[in-house]
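FYI, side chains are in, hydrogens and waters are out, and symmetry mates aren't considered; it's all heavy atoms of this structure.
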Amino acid sequence: MSDSGPQGGESCMSLFRAYLRTRKGIILAAETVLCFVIVVCYGASNVAGYLAVAVIELVFCIIYFFVFAGKYDTQLTFIHWGWSDFLRCAIACLLFLITSLITLLSRSDGAGIAGAVFGLLAGILFGYDGYMTIPLLRKPHAAVPTEHLEGV
C-alpha cells in the first residue's frame, strides 16, 4: 500500500492542528474567516456584485490551507507554491482594497459598509501575508569560486 497522503503516518487532523499553530496557518485561517464574513455581508447587501472577489478568495484560502497543512506542496512540485501564494496574496490585497473603497464611496447600505470595512481589513491582512511570503522566495546564492585556474 502506497503512502500518498500525509507523511509519516500522521492523521490529517493532527497535521491541520499543527499547521494552525504556525504563523502561516493562523494567517490563512484568519483570511478564510474574513472572506466568509465578507461573503455574508455582501450577500445581504445591495452591492452583491463584489461578492465574487470574496467567494473566489475564500476558495483559494481553503485550497492553500489544505495544500500547506497536508504538506502536499512538497509532493506537487510542478507548481511553485511560494510564488503562487505570493501572487494570490498580492491580487487579493489589491482587489479587496479597490472593491472596499468603491463600496464605501458609493454610500451603500449597512451590510455593504460592514462588508467594505471587513474588506479593508482583509486587504491589509492579504498584504501582510504577501509581505511575509517574500523572504521565503529569496534563495541564497552559491559563492562563485575565486581561485586562480592554473594553466590559463
Side-chain angles (χ1 to χ4, degrees), residues 1-43 45 47-106 112-147:
M1 186 168 165
S2 68
D3 184 28
S4 61
Q7 292 96 8
E10 298 177 83
S11 71
C12 285
M13 286 308 292
S14 66
L15 284 174
F16 292 154
R17 282 190 208 115
Y19 189 66
L20 271 174
R21 293 184 186 108
T22 64
R23 182 186 330 187
K24 183 68 174 177
I26 292 169
I27 292 172
L28 272 171
E31 289 171 353
T32 304
V33 169
L34 268 176
C35 285
F36 181 74
V37 169
I38 294 167
V39 165
V40 170
C41 290
Y42 279 162
S45 74
V47 290
Y50 300 126
L51 186 66
V53 173
V55 170
I56 290 170
E57 289 304 325
L58 177 65
V59 170
F60 279 143
C61 287
I62 292 170
I63 289 171
Y64 276 80
F65 181 83
F66 282 115
V67 166
F68 289 145
K71 300 179 183 173
Y72 294 113
D73 55 327
T74 59
Q75 296 174 0
L76 301 172
T77 58
F78 60 91
I79 297 174
H80 194 295
W81 291 100
W83 277 107
S84 63
D85 186 38
F86 174 74
L87 290 175
R88 174 191 69 88
C89 294
I91 291 170
C93 175
L94 289 174
L95 288 178
F96 273 123
L97 290 177
I98 291 169
T99 56
S100 297
L101 289 174
I102 289 172
T103 303
L104 283 175
L105 295 175
S106 68
I113 291 174
V117 170
F118 285 119
L120 287 174
L121 292 174
I124 292 168
L125 183 62
F126 277 103
Y128 174 74
D129 190 9
Y131 176 75
M132 295 305 292
T133 305
I134 291 173
L136 302 176
L137 299 176
R138 295 183 184 167
K139 295 186 179 180
H141 297 287
V144 176
T146 57
E147 11 180 278

### Query
Minimum heavy-atom separation for Gly25 to Leu20, with atom names?
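Looking at all heavy atoms of both residues, the closest pair is O-CD2, 3.9 Å.
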### Query
Looking only at heavy atoms, what is the nearest atom pair of Cys61 and Thr32, with distance?
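Heavy atoms of Cys61 and Thr32 come nearest at CB-OG1, 3.4 Å.
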Who pairs with [X] by side-chain contact (heavy atoms from CB on, under 4.5 Å), at least two apart in sequence or on another chain?
X     : answer
Leu95 : Val53, Ile91
Ile98 : Ile102
Ile26 : none

I need the [X] [atom1] to [Y] [atom2] distance, nearest 0.5 Å.
X     : Y     : atom1 : atom2 : result
Leu51 : Leu58 : CG    : CG    : 10.0 Å
Phe96 : Glu57 : CZ    : CD    : 5.5 Å
Cys41 : Phe36 : SG    : CZ    : 10.0 Å
Thr74 : Phe68 : OG1   : CZ    : 10.5 Å

### Qualifying side chain to side chain donor-acceptor pair (under 3.5 Å) pairs with a residue from residues 89-101, counting only residues at least two apart or across chains
none
Under 3.5 Å, side-chain donor or acceptor atoms of residues 112-137 against the rest of the protein: list the pairs with distances, not counting sequence neighbours.
| from | atom 1 | to | atom 2 | distance (Å) |
| --- | --- | --- | --- | --- |
| Asp129 | OD1 | Lys24 | NZ | 2.6 |
| Asp129 | OD2 | Lys24 | NZ | 3.1 |
| Asp129 | OD2 | Arg88 | NH2 | 3.2 |
| Thr133 | OG1 | Asp129 | O | 2.7 |

### Query
More than 12 foreign heavy atoms under 6.0 Å from CZ of Phe16: is that the case here?
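Yes, the 6.0 Å shell around CZ holds more than 12 heavy atoms from other groups.
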### Query
What residues, two or more places apart in sequence or in another chain, satisfy side-chain hydrogen bond (donor to acceptor under 3.5 Å, both in side chains) together with Tyr19?
none
### Pair Ser84-Tyr64, side-chain donor/acceptor within less than 3.5 Å
yes
